[in-house]
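Whatever order the structure lists them in is the order used to number ligands and atoms, beginning at 1. These numbers come from the heavy atoms of this one structure, side chains and all, not from hydrogens, waters or symmetry mates.
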Amino acid sequence: MTSSGSGPSRAALVRGTWLVSSTADGVTEPATFRLRDREWDLLPGVFAPNYCESTAFFTESLPFPAGGSFLEVGCGTGVTAVSAAAEGCTRVVATDISEAAVENSRLNASRHGLSGRIEVYRGDVFDGLRPEDRFDLVFWNSPFIDPGAGAAPARVQDERREGLRRAVFDPGYRAHRRYLAEAGTRLTAGGRLLLGFSDLGDHDTLHRLADEAGYRISVLRTSGDRVRGIDYQLLELVPSDD
Ligand SMILES: C[S@@+](CC[C@H](N)C(=O)[O-])C[C@H]1O[C@@H](n2cnc3c(N)ncnc32)[C@H](O)[C@@H]1O
């Protein structure tokens with residue numbers, strides 16, 4: 001089912017469109033959900049980990065650096081960032097382009113008594129960070145579907161749906177390009193760069209962007225049969241000259 005650079009697969013468009021619609025229609029008021037033995041706040045318009053298995057899979061698969069620093073790009077509800085702090089990262093920074101996601105992550109940091117250890121900023125990819133910020137682990141559970149020309153444009157003035165579309169679709173992989181091109185300047189010496197992707201993503205384009213940015217891709221873990229219908233892939237971007 002892997003998409004091959006010639007536009008999104010039909011499966012990717014169907015799944016992405018379903019996820020946006022079902023979450024937009026299903027979460028119209030602040031709500032809560034349970035994941036990883038904790039209760040979490042969920043705001044309308046924010047990627048909902050109870051509608052999609054990727055958050056749980058990546059969060060349990062990430063090699064959080066105990067005593068080290070962690071940057072989560074695109075933090076959504078903040079499940080991964082809060083888990084990183086709870087599991088021993090001493091400095092956790094989370095960013096998201098969505099104001100609702102920033103608010104949601106702050107709510108969950110507070111709910112779990114970890115506000116003092118998690119900074120949350122609004123920004124496009126690495127915008128919002130201080131110039132000197134460096135991390136031992138950088139991760140993004142990315143909007144890995146490029147909708148190509150096939151996806152209907154979002155309705156104007158539907159902020160909730162637009163926020164959800166940005167959580168699922170990255171037109172032209174523009175944000176992926178930035179992530180790969182700029183991440184190197186955000187890593188400590190020996191720091192690791194990871195990406196949450198899936199077989200619904202365009203692997204040919206991702207490999208090309210990684211190559212242009214000086215990385216090769218190594219598959220750390222896949223969800224395989226554990227998740228029905230989609231294979232989530234935790235990828236590491238390894239400098240090509242390593
Ligand atoms: C697949 S969701 C993952 C959310 C959360 N990390 C999780 O696992 O539940 C992708 C997230 O990336 C955010 N996002 C999309 N484009 C972005 C960009 N250019 N810069 C920062 N965040 C972005 C979305 O708002 C969304 O919260």
Side-chain angles (χ1 to χ4, degrees), residues 12 15-20 22-24 27 31-36 38 40-62 64 70-85 92-109 118 120-129 137-147 154 159-183 186 194-198 200-201 209 223 227 230 232-235:
R15 166 74 187 178
T17 305
W18 171 83
L19 193 56
V20 170
S22 58
T23 313
V27 187
T32 59
F33 64 95
R34 259 198 102 66
L35 197 76
R36 308 192 82 232
R38 288 174 187 262
W40 304 88
D41 286 298
L42 173 63
L43 297 180
V46 178
F47 183 83
N50 51 333
Y51 279 68
C52 180
E53 300 86 346
S54 64
T55 311
F57 172 71
F58 292 130
T59 303
E60 74 176 45
S61 304
L62 280 166
F64 293 126
F70 174 66
L71 169 66
E72 184 184 18
V73 173
C75 52
T77 55
V79 166
T80 305
V82 168
S83 299
V92 175
V93 176
T95 72
D96 205 294
I97 200 164
S98 149
E99 188 59 51
V102 168
E103 186 188 346
N104 204 149
S105 288
R106 287 186 180 140
L107 276 176
N108 279 318
I118 304 176
V120 191
Y121 304 114
R122 182 175 189 194
D124 184 347
V125 191
F126 299 109
D127 293 350
L129 300 177
L137 181 65
V138 173
F139 170 70
W140 188 10
N141 174 11
S142 72
F144 44 68
I145 301 173
D146 178 350
E159 262 181 52
R160 201 156 29 99
R161 207 167 288 260
E162 179 54 21
L164 290 165
R165 285 181 58 77
R166 271 206 301 260
V168 173
F169 296 113
D170 179 16
Y173 274 5
R174 281 189 290 276
H176 281 80
R177 187 186 300 272
R178 271 201 78 189
Y179 184 71
L180 294 169
E182 296 173 27
R186 293 300 175 182
L194 270 57
L195 179 71
F197 209 69
S198 94
L200 298 178
L209 295 178
S223 62
V227 174
I230 301 177
Y232 294 107
Q233 298 143 356
L234 181 61
L235 306 178

Problem set entry | Residue list, side chain to side chain donor-acceptor pair (under 3.5 Å) with Asp41, at least two apart or on another chain |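 In terms of side chain to side chain donor-acceptor pair (under 3.5 Å), with neighbours along the sequence ignored, Asp41 is linked to Arg111.
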Problem set entry | From CG (Asp170) to CZ (Arg165), nearest 0.5 Å | 11.5 Å
Exercise. Side-chain donor-acceptor pair under 3.5 Å between Ser83 and Arg36, yes or no?
Worked result: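 The criterion, which ignores hydrogens and geometry beyond distance, is satisfied for Arg36 and Ser83.
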Problem set entry | Flag side-chain contact, heavy atom, 4.5 Å: Thr77 against Trp40 | no
Seminar exercise, completed: Heavy-atom contacts under 4.0 Å to ligand 1, chain-then-number order, include exactly Phe47, Pro49, Thr55, Glu72, Gly74, Cys75, Gly76, Asp96, Ile97, Ser98, Gly123, Asp124, Val125, Trp140, Asn141, Ser142, Pro143, Arg166, Ala167, Ala175
Problem set entry | Qualifying residues under side-chain contact (heavy atoms from CB on, under 4.5 Å), relative to Ser198, sequence neighbours excluded | Phe144, Leu200, Ile230, Tyr232
Exercise. Which residues pass the side-chain contact (heavy atoms from CB on, under 4.5 Å) test with Ala56, sequence neighbours left out?
Worked result: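 Ala56 satisfies side-chain contact (heavy atoms from CB on, under 4.5 Å) with Leu35 only.
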